[in-house]
Number of protein chains: 2
Amino acid sequence: MVTLQDVARAAGVSIATASWAVNDNKDVRIPESTRIKVRKVAEELGYRQNALARSLARGRSDLIGFISDGVATSPFAGQVIQGAQDEAWRNGKILLIVDTNGDPLIEQRAFSFMLERRVEGIAYSSWVHHAVKPPEELKQVNSVLINCFDESRRFPAVVPDEVQGGRTATELLLAAGHRRIAFINEKEPSPASVGRLTGYKKALSTAGIEFDAGLLTESTADQEGGYRAAGRVLASGATAVFCHNDRTAMGLLDALHERGVRVPQDLSLVGFDNQEVISAHLHPALTTVGLPQYDLGLLGIRALLAHGRQAGAVSAVGEVLRVACPAIVRESIRAL
Amino acid sequence: MVTLQDVARAAGVSIATASWAVNDNKDVRIPESTRIKVRKVAEELGYRQNALARSLARGRSDLIGFISDGVATSPFAGQVIQGAQDEAWRNGKILLIVDTNGDPLIEQRAFSFMLERRVEGIAYSSWVHHAVKPPEELKQVNSVLINCFDESRRFPAVVPDEVQGGRTATELLLAAGHRRIAFINEKEPSPASVGRLTGYKKALSTAGIEFDAGLLTESTADQEGGYRAAGRVLASGATAVFCHNDRTAMGLLDALHERGVRVPQDLSLVGFDNQEVISAHLHPALTTVGLPQYDLGLLGIRALLAHGRQAGAVSAVGEVLRVACPAIVRESIRAL
DNA sequence: ATGAAAGCGCTAACAG
DNA sequence: CTGTTAGCGCTTTCAT
């Protein structure tokens with residue numbers, strides 16, 4: 001490995017000068033000529049900075065830890081990471097990602113690894129939007145929660161705006177003239193289920209429609225849940241249905257096909273999540289509401305970096321940022 | 001930040017001794033008592049090793065680079081990363097992951113980052129199994145290709161065994177008594193399409209069945225492709241069909257439902273990829289062949305590490321390891 | 001404008 | 001058994 005010392009020697013300058021030339025240091029003025037020369041020599045020798053030494057000397061690692069409880073399991077996490085990575089790079093930082101797969105022991109080791117590597121912050125993310133009890137280690141470093149939040153509000157968090165999402169989904173149907181809109185919601189209480197229900201009710205009330213409990217069906221948030229809800233939905237006399245997520249919609253669509261109910265001719269559908277493999281390829285393609293995954297990652301890292309800058313600023317601590325969920329219009333809604 | 005020096009001072013020992021104690025160094029014998037004491041002091045002071053300094057001093061970073069062209073876009077990559085991470089950790093290494101999203105510029109920067117960080121090897125992976133022209137930088141460090149391969153065979157590679165997979169899928173149908181088995185294959189030539197076709201033919205020939213070109217249909221490898229292939233498949237008089245992947249099977253199933261053809265009563269189906277969101281939740285649940293994603297990652301890193309150990313060993317260079325694709329039996333096959 | 005030199009925190013000979 | 005010390009490769013202050 002060729003070191004800066006080698007470059008300096010070969011270029012006939014001191015090691016300090018070589019450092020300045022290589023780093024294009026603005027604080028010090030060295031003649032363009034020597035700068036050029038040094039860089040040329042470095043190039044020829046195939047010099048490559050040693051980030052380990054550099055970090056040690058500067059006291060900055062330029063590393064940001066990213067802990068996820070499931071890139072592997074989830075089709076969502078990928079986009080979040082992409083957003084996080086892009087924002088990190090834009091700031092000259094690089095992500096040190098580890099997927100704990102939900103295992104506390106792995107999480108423990110992940111923290112050690114990261115802290116030992118002197119990461120400048122940690123983004124702690126989950127693939128399901130939910131409340132978490134962040135591990136103590138998180139407090140040892142600047143950090144942010146992504147797609148999850150701390151109930152005791154000790155950390156800033158970035159999450160999707162479920163309420164607005166639920167409202168948007170409902171409004172899509174309302175705008176098409178539907179008045180009797182069924183909602184197949186997830187049975188388990190969760191930020192998504194309570195948030196989306198709230199949004200659904202808000203949209204209805206804004207449109208001057210009274211909430212009808214008979215239009216609300218609870219089920220598991222997967223294909224089977226949607227499939228089993230078909231009977232109740234049909235019996236409710238709804239002309240449109242808002243499904244808790246795309247998987248639910250897929251199951252419902254399946255049941256509808258079997259019963260000869262056509263979508264969107266006989267019944268309009270809107271899903272949630274915009275899980276592409278499913279929504280974009282159903283028959284008909286599913287109109288849905290997307291999760292702002294990329295932005296969650298991007299904004300999470302941005303918050304981390306901003307917070308790091310104004311170190312100690314209390315303002316953002318515990319604050320939760322809700323990111324808008326966009327409408328994705330495809331073909332499953334028929335205008336009345 | 002408390003340093004080793006602080007610990008040493010507080011424990012009343014030299015910094016070297018402190019290092020021995022903290023690292024549980026076997027090469028040197030220090031009395032259990034001082035070892036305990038040092039560790040206790042370290043604990044109390046909240047000492048945490050500085051991996052940057054450690055790596056610099058030892059000349060080993062314990063970092064392994066993992067370049068992917070799409071964790072974000074693919075539901076497959078996640079499992080590969082999981083396998084890679086597990087194997088890396090088992091060896092005390094940590095993965096430095098970057099997703100290039102297929103962008104050569106990002107890839108370029110990724111290499112710089114990794115090389116500067118002195119990674120001990122790079123796993124270069126793709127989310128579609130295909131031939132790649134690995135960038136020159138890969139040669140600067142111990143490396144391995146995962147789910148892709150170098151046509152000029154300059155690097156070891158780990159890929160799924162498409163031929164065996166195609167054979168397995170076909171055998172699943174054969175075993176159920178089917179003789180007229182249609183194959184909806186991907187139109188574009190690719191390791192997957194040619195491999196699976198080869199496997200299909202082999203299975204047939206082993207079973208003493210002659211290949212019938214009339215049973216082969218080519219289409220795009222997605223839902224739409226499967227949907228459009230329905231007519232030809234039905235016309236072929238097949239009693240079973242092997243779909244190039246689960247998405248194709250999903251589209252086909254859709255078309256079949258519309259035409260009133262029941263699965264598996266009237267027609268048996270087998271997919272490929274075991275894309276859970278789809279295959280596990282179709283009606284009926286899809287019998288398919290899985291991709292050995294986890295193992296690809298695991299074996300890739302293992303190869304990297306092994307190769308690093310016997311540095312210079314020519315044996316493994318350019319060698320491609322084919323990993324078996326397992327059968328995933330669900331409900332879409334009916335025994336004749 | 002450029003060089004000398006003191007670290008950054010830790011490891012690993014080498015002495016004692 | 002334990003302490004001294006010379007680096008690892010680079011940044012940065014302080015002279016020159």
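All values below were derived from every heavy atom in this structure, side-chain atoms included, with hydrogens, water molecules and symmetry-related copies excluded. For clarity, every value in this text was computed on a predicted model and none was experimentally measured. Chain naming here is simple, since letters A, B, ... match the order of the sequence lines and numbering starts at 1 in each.
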Original post:
How do Q49(A) and A16(B) order along DNA chain D: which one's closest nucleotide is nearer the 5' end?
Top reply: A16(B)
Original post:
What's the CZ-P distance between R60(B) and dG9(D), to the nearest Å?
Top reply: 15 Å
Original post:
dT11(C) P sits how many Å from L52(A) CG, rounded?
Top reply: 13 Å
Original post:
Under 3.5 Å, is there a donor-acceptor pair between the side chain of D103(B) and the main chain of L105(B)?
Top reply: yes
**OP:** Answer yes or no: does a side-chain N or O of S19(A) lie under 4.0 Å from OP1 or OP2 of dC10(D)?
**Re:** no
Original post:
Counting side-chain heavy atoms from CB outward, which of dC8(D), dT2(C), dT11(D) is closest to I30(A)?
Top reply: dT2(C)
Original post:
More 5' along DNA chain D: Q5(A) or V13(B), using each one's nearest nucleotide?
Top reply: V13(B)
Original post:
Does a donor on one side chain and an acceptor on the other come within less than 3.5 Å for N147(B) and S125(B)?
Top reply: no
Original post:
Y124(A) and E137(A): side-chain donor and acceptor closer than 3.5 Å?
Top reply: no
Original post:
What nucleotide among dT4(D), dT2(D), dT13(D) has an atom nearest to a side-chain atom of I15(B)?
Top reply: dT4(D)
Original post:
From the list dT2(D), dG3(C), dC10(C), which nucleotide is the closest neighbour of the side chain of T17(A)?
Top reply: dG3(C)
Subject >> Per W20(A) side chain, nearest of listed nucleotides dC10(C), dG3(C), dG9(C) >> reply: dG3(C)
Original post:
Could you give the NZ-to-P distance, from K37(B) to dC1(D), as a whole number of Å?
Top reply: 15 Å
Original post:
Between L4(A) (CG) and dG9(D) (P), how many Å, whole number?
Top reply: 11 Å
Subject >> Donor-acceptor under 3.5 Å (S143(A) side chain, L138(A) main chain) >> reply: yes
Original post:
Would one find a side-chain N or O of S14(B) under 4.0 angstrom from OP1 or OP2 of dG3(D)?
Top reply: yes
**OP:** Let me know which of L96(B), V119(B), I146(B) forms a side-chain contact (heavy atoms from CB on, under 4.5 Å) with F66(B).
**Re:** I146(B)
Original post:
Does the side chain of S55(A) get closer than 4.0 angstrom to OP1 or OP2 of dC10(D) through an N or O atom?
Top reply: no
Original post:
With respect to the side chain of N50(A), which nucleotide from dA1(C), dA4(C), dG9(D) is positioned closest?
Top reply: dG9(D)
Subject >> Integer-rounded Å distance: dT11(D) P and D24(A) CG >> reply: 13 Å
Original post:
Expressed in angstrom and rounded to an integer, what is the separation of R118(B) atom CZ from dC10(C) atom P?
Top reply: 21 Å
**OP:** Can you label the angle between the H129(B) ring and the F149(B) ring as parallel, tilted or perpendicular, going by 30° and 60°?
**Re:** perpendicular
Original post:
OP1 or OP2 of dT11(C) sitting under 4.0 Å from any side-chain N/O of R58(B)?
Top reply: no
Original post:
Any side-chain N or O of N23(B) under 4.0 Å from OP1/OP2 of dT11(C)?
Top reply: yes
Subject >> Options dT2(C), dT2(D), dG9(D), nucleotide nearest the side-chain atoms of P31(A) >> reply: dT2(C)
Subject >> Atom pair distance, as rounded to whole Å: CG in L56(A) and P in dC8(C) >> reply: 9 Å
Original post:
Rounded to the Å, how far apart are E116(A) CD and dG9(C) P?
Top reply: 15 Å
